[in-house]
Amino acid sequence: MTVYFIGAGPGAADLITVRGARTLADCQVCLYAGSLVPAELLAECPPDAKLIDTANLDLDAIEREFAAAHEAGHDVARLHSGDPSVFSAVAEQMRRLDALGIPYEMVPGVPAFAAAAAALKRELTVPTVGQTVILTRIAQQATPMPPGEDLATFGASGALLVLHLGARYVDRIVAELTPHYGADCPAAVVAYASRENELVLRGTLADIADQVKASGVLRTAVIIVGRTLGASQFRDSHLYSTERDRDCSEV
């Protein structure tokens with residue numbers, strides 16, 4: 001048997017990948033986070049599949065489910081929101097599987113920041129304006145951030161910042177980033193990206209906090225800060241440039 005860590009995507013059920021849906025349909029056991037994964041995706045599971053909501057399970061309980069499926073010879077779909085490569089808590093699960101000698105694979109998904117960019121109709125990397133995207137969060141009640149990974153350090157780079165799990169602390173985020181980006185720097189918040197109740201807020205560091213508080217958004221939101229959000233006067237990319245040598249394979 002194999003445990004498959006499947007990215008369910010940012011919220012809309014039809015944003016799961018074709019490979020993810022096919023894998024889900026082949027697994028006799030599905031562990032999913034009921035508060036984050038759309039219920040419609042469970043319809044992709046076999047009719048007789050064992051469905052386990054992990055919202056109230058700790059890591060030990062999840063490990064026991066893996067072990068039981070392994071003993072029974074049943075493939076497991078471990079369904080995570082977004083993409084399992086970032087902010088998914090799969091690393092500790094894979095460590096447990098390694099200790100148990102249970103094989104596993106990862107199936108990529110559409111991450112929340114990509115869905116947020118789609119909602120904003122923006123490319124996050126723009127020629128001559130910004131070519132770097134930092135995915136991060138802030139330390140609050142969850143796991144502390146490692147030394148040197150703080151907003152002041154990231155802000156000093158001037159790169160576009162994508163902050164997860166931070167809407168509740170938007171005042172702190174604005175206060176720490178404004179000295180580095182300026183109050184006029186474009187900022188946006190996308191809550192429930194790709195879902196029917198998707199909410200998009202656009203502004204600057206000067207007003208985005210007030211917009212967030214007025215909207216009542218506290219969770220399931222991505223905060224994006226950076227000059228590329230408002231860029232319009234920039235050079236065309238080399239990829240499609242008329243000056244590019246089309247006989248050269250290098251781009």
- [ ] List the steps, then state whether side chain to side chain contact (heavy atoms under 4.5 Å, CB included) holds for E65 with K50.
- [x] CA-CA 11 Å; E65 295 293 347; K50 181 181 180 181; 3.4 Å; yes
- [ ] Would you check, one step at a time, whether the test side chain to side chain contact (heavy atoms under 4.5 Å, CB included) holds for D171 with K213?
- [x] CA-CA 9 Å; D171 283 327; K213 286 181 284 188; 3.1 Å; yes
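A heavy-atom distance below 4.5 Å is not found between the side chains of M145 and I138. Annotation: side chain of D98 is in contact with side chain of Y104 (closest heavy-atom distance under 4.5 Å). Under the 4.5 Å side-chain criterion, counting only non-hydrogen atoms from C-beta, D60 is in contact with R96. Inter-residue side-chain proximity for C45 and L24 is flagged as met; some heavy-atom pair is nearer than 4.5 Å. In this structure, the side chains of R227 and P186 come closer than 4.5 Å at one or more pairs of heavy atoms. Inter-residue side-chain proximity for R78 and I62 is flagged as met; some heavy-atom pair is nearer than 4.5 Å. At a threshold of 4.5 Å between non-hydrogen side-chain atoms, the residues T136 and L163 count as touching. At least one side-chain heavy atom of L57 sits under 4.5 Å from a side-chain heavy atom of I52.
The hydrophobic cluster containing V90 does not contain L165, counting ILVMFWY residues as joined when their side-chain heavy atoms lie under 4.5 angstrom apart, directly or transitively. By the criterion of side-chain heavy atoms lying less than 4.5 angstrom apart, applied directly or through intervening Ile, Leu, Val, Met, Phe, Trp or Tyr residues, V222 is grouped together with V200 in one hydrophobic cluster. When hydrophobic clusters are built by joining Ile, Leu, Val, Met, Phe, Trp and Tyr residues whose side-chain heavy atoms come closer than 4.5 Å, directly or via intermediates, I6 is grouped together with L42. There is a path of hydrophobic side-chain contacts, each under 4.5 Å, that joins L161 to I173. Y169 and L218 fall into different hydrophobic clusters, defined by Ile, Leu, Val, Met, Phe, Trp and Tyr side-chain heavy atoms under 4.5 Å apart, directly or through other members.
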Under 3.5 Å donor-acceptor pairs involving side-chain atoms of residues 105-125, not counting sequence neighbours:
residue: R122; atom: NE; partner: L229; partner atom: O; Å: 3.1
residue: R122; atom: NH2; partner: T228; partner atom: O; Å: 3.2
residue: R122; atom: NH2; partner: L229; partner atom: O; Å: 3.3
residue: R122; atom: NH2; partner: A231; partner atom: O; Å: 2.8
residue: E123; atom: OE2; partner: T125; partner atom: OG1; Å: 3.3

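One distance of note links CZ of F154 with CD of E176; it measures 11.5 Å at 0.5 Å rounding. Atom-to-atom distance recorded for I16:CD1 and S81:OG is 11.5 Å, nearest 0.5 angstrom. The structure places CZ of R95 at 11.0 Å from CD of E63, a figure rounded to the nearest 0.5 Å. Distance CG/L205 to OG1/T178: 4.5 Å, rounded to 0.5 Å. We find the SG-CE distance between C27 and M1 to be 8.5 Å, quoted to the nearest 0.5 Å. Remark: E71 CD to I102 CD1 distance equals 9.5 Å, nearest 0.5 Å.
The minimum heavy-atom distance linking S157 with I134 is given by the pair OG-CD1, 3.7 Å. Residues R195 and L36 share a closest heavy-atom pair of NH2-O, 3.5 Å. Across P38 and G11, no two heavy atoms sit closer than the pair CG-O, 3.2 Å. Closest approach of T204 to D184, counting heavy atoms only: CG2-O, 3.7 Å. Among all heavy-atom pairs drawn from A187 and I208, the shortest one is O-CD1, 3.9 Å. For L15 against P10, the heavy-atom pair with the smallest separation is CD1-CG, 3.7 Å.
By the 30° and 60° cut-offs, the orientation of the rings of F87 relative to H164 is tilted. Note: F5 and F66 have perpendicular aromatic rings, judged against thresholds of 30 and 60 degrees for the angle between ring planes.
Ionic pairing of D207 and R202 is not present here: no N-O contact between side-chain nitrogen and carboxylate oxygen is shorter than 4.0 angstrom.
Between the Y181 side chain and the L160 main chain, no donor and acceptor come within less than 3.5 Å of each other. Not one N or O on the side chain of T153 forms a donor-acceptor pair closer than 3.5 Å with the backbone of E149. Of the possible donor and acceptor atoms, none in the side chain of Q28 sits under 3.5 Å from a partner among the backbone N and O of V76. At least one donor-acceptor pair closer than 3.5 Å links the side chain of E198 to the backbone N or O of S194.
Applying side-chain contact (heavy atoms from CB on, under 4.5 Å) to I224 and the options V162, V133, V189 leaves one that passes, V162.
Residue R172 qualifies as enclosed at atom CZ: its count of foreign heavy atoms under 6.0 Å is above 12. Counting heavy atoms of neighbouring residues, nucleotides and ligands inside a 6.0 Å radius, atom CG of N197 exceeds 12 of them.
Under the rule for a salt bridge (charged side-chain N to carboxylate O under 4.0 Å, His left out), D26 has no partner lying at least two apart in sequence or in another chain.
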